[in-house]
Amino acid sequence: MGPALPLVLAVALGVDARIEAGIGAEAHARVDPGVSPNAQSLDLTAVPHLALTLKGSGTTFSAAYALRLTGSDVGPTVQYETFQEGQLRLHVEPGTVWSLDGFASAGAGRTDLLTQARSQAPGAGGNGAGTVAVGGTGNGTPTAGAPRAPSTIPTTEAFDQEYVRSGLGLRVSPDRRSDLVLSGAAATDGGTNAEARVLYPVAREEEAFAEYRWRATRRDELRLRASALRQRIAAIGTTSTWASALGIWSHQIAPDLELRAAAGGVALDSRFPITGSTQPGGFQETHQIAPAGELGLTRNGGRSALSSELVGTFGGTVDRLTGLAWRQAVARANLRWPLALNTVLRAGVVGALSWPQTGWTRRGDLEMGLSYALSSWALLDLGIYASWQSSTYPPVPDLSEYGAVLTLSFDIDTPFAF
């Protein structure tokens, strides 16, 4: 009776139900020169997933689950790994005046951070090449189900990880030209055992986001945005925060082309143990105020035309490895080009430069791929990628990895009307 309960409720409430089930088969060849010049591996993965969506009377509820089964380093020393994720979402919109969103998501299993950043979370879009976290400008609301992508990668090794994340979002539209968006989220993310927590200690985060949007003309929109993030890593004794305020202008140059510019400031605060202190338990605090901004150009061609994005941001971030708040600049470009009715070319690149009190850290991600729809329920995808990281700041390691991924996925989407 338990698994059938949502469908029973659907019948009782008179709502529409949609069930989506599928499986993806993936072959992943990679080279990791950071481990050794000849560190090559082949991973074979199967990802069965299941999603249920219920709609009715201005309310939408969805539940999604995915299980990632991987044979890592296929050969005499093959290792079998699993990672599972689930997500619940509720959207309430009784009219045009307001809407409410809530979500809860969780994941647990064995993975590595680069694979996790590229993988598609259940019920959400893939991260593509955007594995570098954009901080300090508050891009996007905290209601994303996947954990925040780290601004620096501590290791490419596989480890046991778990995360739990939940949040709420509220939109209020007092008139036809303005919106107020409020949202917040809390998350816990880290290793599940002593060995894993050395590589990836447990972090607790809280996020807040507020934005007022005013459509000044048919082509222009003005926004005032305030956002903040607080992170605590008990294992290394750090507590850090960034908080930003921005004024944003967007202009519709053409029906499918938008220019966006933002300017403001970001406050960065960190509290961390004093290394080598003669007084046990001694802490040091740092405080910075820096400019923050964004400049971007986006073309939205829809499903049948070229879509692209070019964005540069500067502000701050709270680093997942060191637990410190520092300044960061990020540039990213994305391209989606439908070559034919059933063929799509995509490409994306992200580069980030972070600078703490001493040293510089550079991160980069590049991805290119070609998707071919074999039918309405089968998709073949071939992608190549490269990720790298270099730093003059001692706690941050130099890393690099590149590879190719071949994926064949099957999805069946079945609607039910009650």
What are the two closest non-hydrogen atoms of [X] and [Y], and how far apart are they?
| X | Y | result |
| --- | --- | --- |
| Gly301 | Ser307 | N-OG, 2.9 Å |
| Ile153 | Gln389 | N-OE1, 2.7 Å |
| Gly323 | Ile233 | CA-CD1, 3.9 Å |
| Phe61 | Leu90 | CB-CD1, 4.2 Å |
| Ala261 | Leu295 | CB-CD1, 4.0 Å |
| Arg219 | Ala254 | NH1-N, 4.2 Å |

(request) Decide side-chain contact (heavy atoms from CB on, under 4.5 Å) for Leu297 and Ile253; before the verdict, give the C-alpha distance in whole Å, the side-chain angles of both, and the deciding distance to 0.1 Å. (result) CA-CA 10 Å; Leu297 189 64; Ile253 300 174; 4.0 Å; yes

Rounded at 0.5 Å granularity, tell me how far [atom1] in [X] sits from [atom2] in [Y].
| X | Y | atom1 | atom2 | answer |
| --- | --- | --- | --- | --- |
| Leu339 | Leu306 | CG | CG | 10.0 Å |
| Glu221 | Ser250 | CD | OG | 4.5 Å |
| Tyr393 | Thr322 | OH | OG1 | 5.5 Å |
| Ile23 | Leu69 | CD1 | CG | 8.0 Å |
| Ser99 | Arg171 | OG | CZ | 3.5 Å |
| Leu88 | Ser62 | CG | OG | 7.5 Å |

(request) Test Arg68 against every option in Glu81, Glu85, Glu26 by the salt bridge (Lys or Arg N to Asp or Glu O under 4.0 Å) rule and name the one that passes. (result) Glu26

(message) Run the side-chain contact (heavy atoms from CB on, under 4.5 Å) test on Leu406 and Leu380 for me, step by step, so that the C-alpha distance in whole Å, both residues' side-chain angles and the decisive distance to 0.1 Å come before the verdict.
(response) CA-CA 8 Å; Leu406 178 64; Leu380 181 65; 3.9 Å; yes

(request) Applying side-chain hydrogen bond (donor to acceptor under 3.5 Å, both in side chains), run through Ser390 and Asp398 and close with a yes or a no. (result) CA-CA 4 Å; Ser390 62; Asp398 291 346; 5.1 Å; no

(request) Go through Val344 and Arg303 one step at a time and tell me if the side-chain contact (heavy atoms from CB on, under 4.5 Å) criterion holds. (result) CA-CA 9 Å; Val344 176; Arg303 296 177 59 89; over 6 Å; no

Examine distances only and state if a side-chain atom of [X] and a backbone atom of [Y] form a donor-acceptor pair shorter than 3.5 Å.
| X | Y | result |
| --- | --- | --- |
| Gln231 | Asp319 | yes |
| Ser391 | Trp360 | yes |
| Ser270 | Ala325 | yes |

If you measure from the Lys or Arg side-chain nitrogens to the Asp or Glu carboxylate oxygens, is any gap between [X] and [Y] under 4.0 Å?
| X | Y | answer |
| --- | --- | --- |
| Glu206 | Arg232 | yes |
| Arg18 | Asp413 | yes |
| Glu367 | Arg346 | yes |
| Arg215 | Asp179 | yes |

So for atom [atom1], which belongs to [X], do other residues, nucleotides or ligands contribute more than 12 heavy atoms lying within a distance under 6.0 Å?
| X | atom1 | answer |
| --- | --- | --- |
| Trp388 | CH2 | yes |
| Arg204 | CZ | no |
| Leu257 | CG | yes |
| Ile289 | CD1 | no |

(message) Would Arg320 and Tyr200 count as a cation-pi pair here, with the cationic atom under 6.0 angstrom from the ring centre and within 45° of the axis?
(response) yes

Heavy-atom distance under 4.5 Å between the side chains of [X] and [Y], does that happen here?
| X | Y | answer |
| --- | --- | --- |
| Glu309 | Arg260 | yes |
| Trp98 | Leu100 | yes |
| Glu157 | Phe159 | no |
| Asp220 | Trp249 | yes |
| Leu50 | Ile19 | yes |
| Ser371 | Leu379 | yes |
| Leu44 | Val78 | no |
| Glu207 | Arg165 | yes |

(message) Using the side chain to side chain donor-acceptor pair (under 3.5 Å) criterion, which residues pair with Thr111? Sequence neighbours excluded.
(response)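 Listed in chain order: Gln116.
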
(message) Run Ser240 and Trp326 through side-chain contact (heavy atoms from CB on, under 4.5 Å) and show every step you take.
(response) CA-CA 9 Å; Ser240 296; Trp326 56 39; over 6 Å; no

(request) Please assess Ser227 against Arg225 for the test side-chain hydrogen bond (donor to acceptor under 3.5 Å, both in side chains), listing each intermediate value before the final yes or no. (result) CA-CA 7 Å; Ser227 52; Arg225 175 188 296 167; 5.9 Å; no

